Amino acid sequence: MTTGTVPTQERGPVTAGTRGIAAYRGYRPPVGMLSWALHRITGLGVLLFLLLHIVDIFLVGYGPETFNELLFLYRHPVFRIGEIILVAGLYYHAANGVRIILIDFWDKAYQFERQLFYGVIAVFLAGFIPTAFLMIRAMVR
Amino acid sequence: MSAPRLRVGRERPAGGFELYSWYFFRISGLLLIFLAITHVVIMHVINTVDEIDWQFVADRWGSPFWRAFDWLMLFLALLHGLNGARLAVDDYVRSRGWRIFAHSILWSAAVIFLIIGSIAVLTFNPDAFQAAATAAGS
């Protein structure tokens, strides 16, 4: 790389007096990259939990003692926080998956790339905030 | 009209297995939105891990509907997830030997987890344990 400057075309003009390091507001990835990275991370995360979940539900066939003994794991506070993160990952993956399908089958979708991503964030928050609230309330009660 | 269409997202494969995989992702994804979110709401919001135990699962799987629901979700989620992992492997694992190794792991995981998951959902018989518990209690 020959240049250390940050592209600013998506952030509006740099005002006078904010040059050099002062103008650097951190690396801001384009929405396509951000949504793609989040989709992959959440997808692999949910898959990891799914594999664990298949193993634990397999133990249900070994009877109540075996299965109930294992449940201390899922009732542990660390696991219950992980459970909320899992739901966040699942909801994002679901909302962004709809965005991907829209881009695939609606030929004007590319014109609204940024709006669609903000729509994903809005749908995600609309689903996740009430879910997280109910889960945390059940946890502290 | 003459402006070339901006390429956004992953290109649709031309044919063969990759095209089936492409369609499977989208169809299973739409079904999983319904299946997985219903599952999360019932098992993690309406009920919580404090209430769910062996008896809860036994009661739930007394209904063929929930067994079918759970098995369909198992099948779609596992193949959707491992197919996603396969794309990640194709993106990051470059050498031929490691690719064969990683693909072998993924296909083996698909077969093994589908078998143990199906055994759990389809062959679970709570009556045997309940009869034993009643016999021991009386």
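Letters A, B, ... are given to chains in the order of the sequence lines, protein chains preceding strands, and every chain is numbered from 1. Everything numeric here is computed off the predicted structure, so don't read it as measured data.
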Given heavy-atom pairs under 4.5 angstrom as the criterion, report whether the side chain, backbone, both or neither of A:V60 touches chain B. both
For A:L47 and B:A85, work out which heavy atoms get closest and say how close. CD2-CB, 3.8 Å
Verdict with reasoning, A:E69 to B:W54, per side-chain contact (heavy atoms from CB on, under 4.5 Å): CA-CA 10 Å; A:E69 229 170 86; B:W54 186 87; over 6 Å; no
For residues 27-47 of chain B, which residue pairs qualify under ring pair (Phe, Tyr, Trp, His ring centres under 6.0 Å), counting only residues two or more places apart or in two chains? none
Report the C-alpha distance between A:N68 and B:Q55 in whole Å, list the side-chain angles of each, state the deciding distance to 0.1 Å, and finish with yes or no for side-chain contact (heavy atoms from CB on, under 4.5 Å). CA-CA 9 Å; A:N68 290 345; B:Q55 193 56 50; over 6 Å; no
Do the side chains of B:I33 and A:I100 join up, straight or via other hydrophobic residues, at under 4.5 Å, putting them in one cluster? no
Does one hydrophobic cluster hold both B:F25 and B:V89, with members joined at side-chain heavy-atom distances below 4.5 Å? no
With chain A, which of B:T123, B:I119, B:I52, B:N125 has the greatest number of heavy-atom pairs at distances under 4.5 Å? B:I52
Chain B contact via A:Y62 - which portion, at a heavy-atom distance below 4.5 Å: backbone
According to a 4.5 Å side-chain heavy-atom criterion applied to Ile, Leu, Val, Met, Phe, Trp and Tyr, with indirect links allowed, do A:V78 and A:V87 form part of one hydrophobic cluster? no
Less than 4.5 Å apart, any side-chain heavy atom of B:V57 and any of A:F67? yes
Yes or no on side-chain contact (heavy atoms from CB on, under 4.5 Å) for B:W22 and A:D104, after CA distance, side-chain angles and deciding distance? CA-CA 11 Å; B:W22 189 91; A:D104 288 332; 3.5 Å; yes
B:T48 vs A:M139, side-chain contact (heavy atoms from CB on, under 4.5 Å): CA-CA, chis, key distance, verdict: CA-CA 8 Å; B:T48 70; A:M139 202 174 131; over 6 Å; no
What part of A:Y91 lies closer than 4.5 angstrom to a heavy atom of chain B: side chain, backbone, both or neither? side chain
Any chain of hydrophobic side-chain contacts (each under 4.5 Å) joining B:Y92 to A:L48? no
State, yes or no, whether a side-chain contact exists between A:V46 and B:H80 at a heavy-atom distance under 4.5 Å. no
Considering only NZ, NE, NH1 and NH2 on the basic side and carboxylate oxygens on the acidic side, decide whether B:D53 and A:R75 come within less than 4.0 Å. no
Side chain, backbone, both or neither: which part of B:D91 has a heavy atom under 4.5 Å from chain A? side chain
For chain B, which residues of residues 49-59 of chain A have heavy atoms nearer than 4.5 angstrom: A:L50, A:L51, A:H53, A:I54, A:V55, A:I57, A:F58
For residues 116-131 of chain A, give me every residue with a non-hydrogen atom less than 4.5 Å from any non-hydrogen atom of chain B. A:T131
Proximal component of B:L87, with respect to chain A [non-hydrogen, under 4.5 Å]: both
Taking atom CZ of A:F79 as the centre, report whether more than 12 heavy atoms of other residues, nucleotides or ligands fall under 6.0 Å from it. yes
Where does A:R137 contact chain B at under 4.5 Å (heavy atoms): side chain, backbone, both or neither? neither
Which atoms of B:V49 are under 4.5 Å from chain A, going by heavy atoms: the side chain, the backbone, both sets, or neither? both
Is B:V121 close to chain A through its backbone or its side chain, or both, or neither, when contacts mean heavy atoms under 4.5 Å? neither
Residue among B:I37, B:D50, B:L82, B:L30 with most heavy-atom pairs under 4.5 Å to chain A: B:D50
Looking at B:A58, B:A120, B:A128, B:P126, which has the largest count of heavy-atom pairs under 4.5 Å with chain A? B:A120
Anything under 3.5 Å between a donor and an acceptor, one on a side chain of residues 101-113 of chain B, the other on a protein residue two or more places apart or in another chain? List them.
unit_1, atom_1, unit_2, atom_2, d
B:H103, NE2, B:D90, OD1, 2.9
B:S104, OG, B:I100, O, 2.6
B:S108, OG, B:S104, O, 2.6

Side-chain heavy atoms nearer than 4.5 Å, only ILVMFWY residues, links allowed to pass through others: does that put A:Y110 and A:W36 together? no
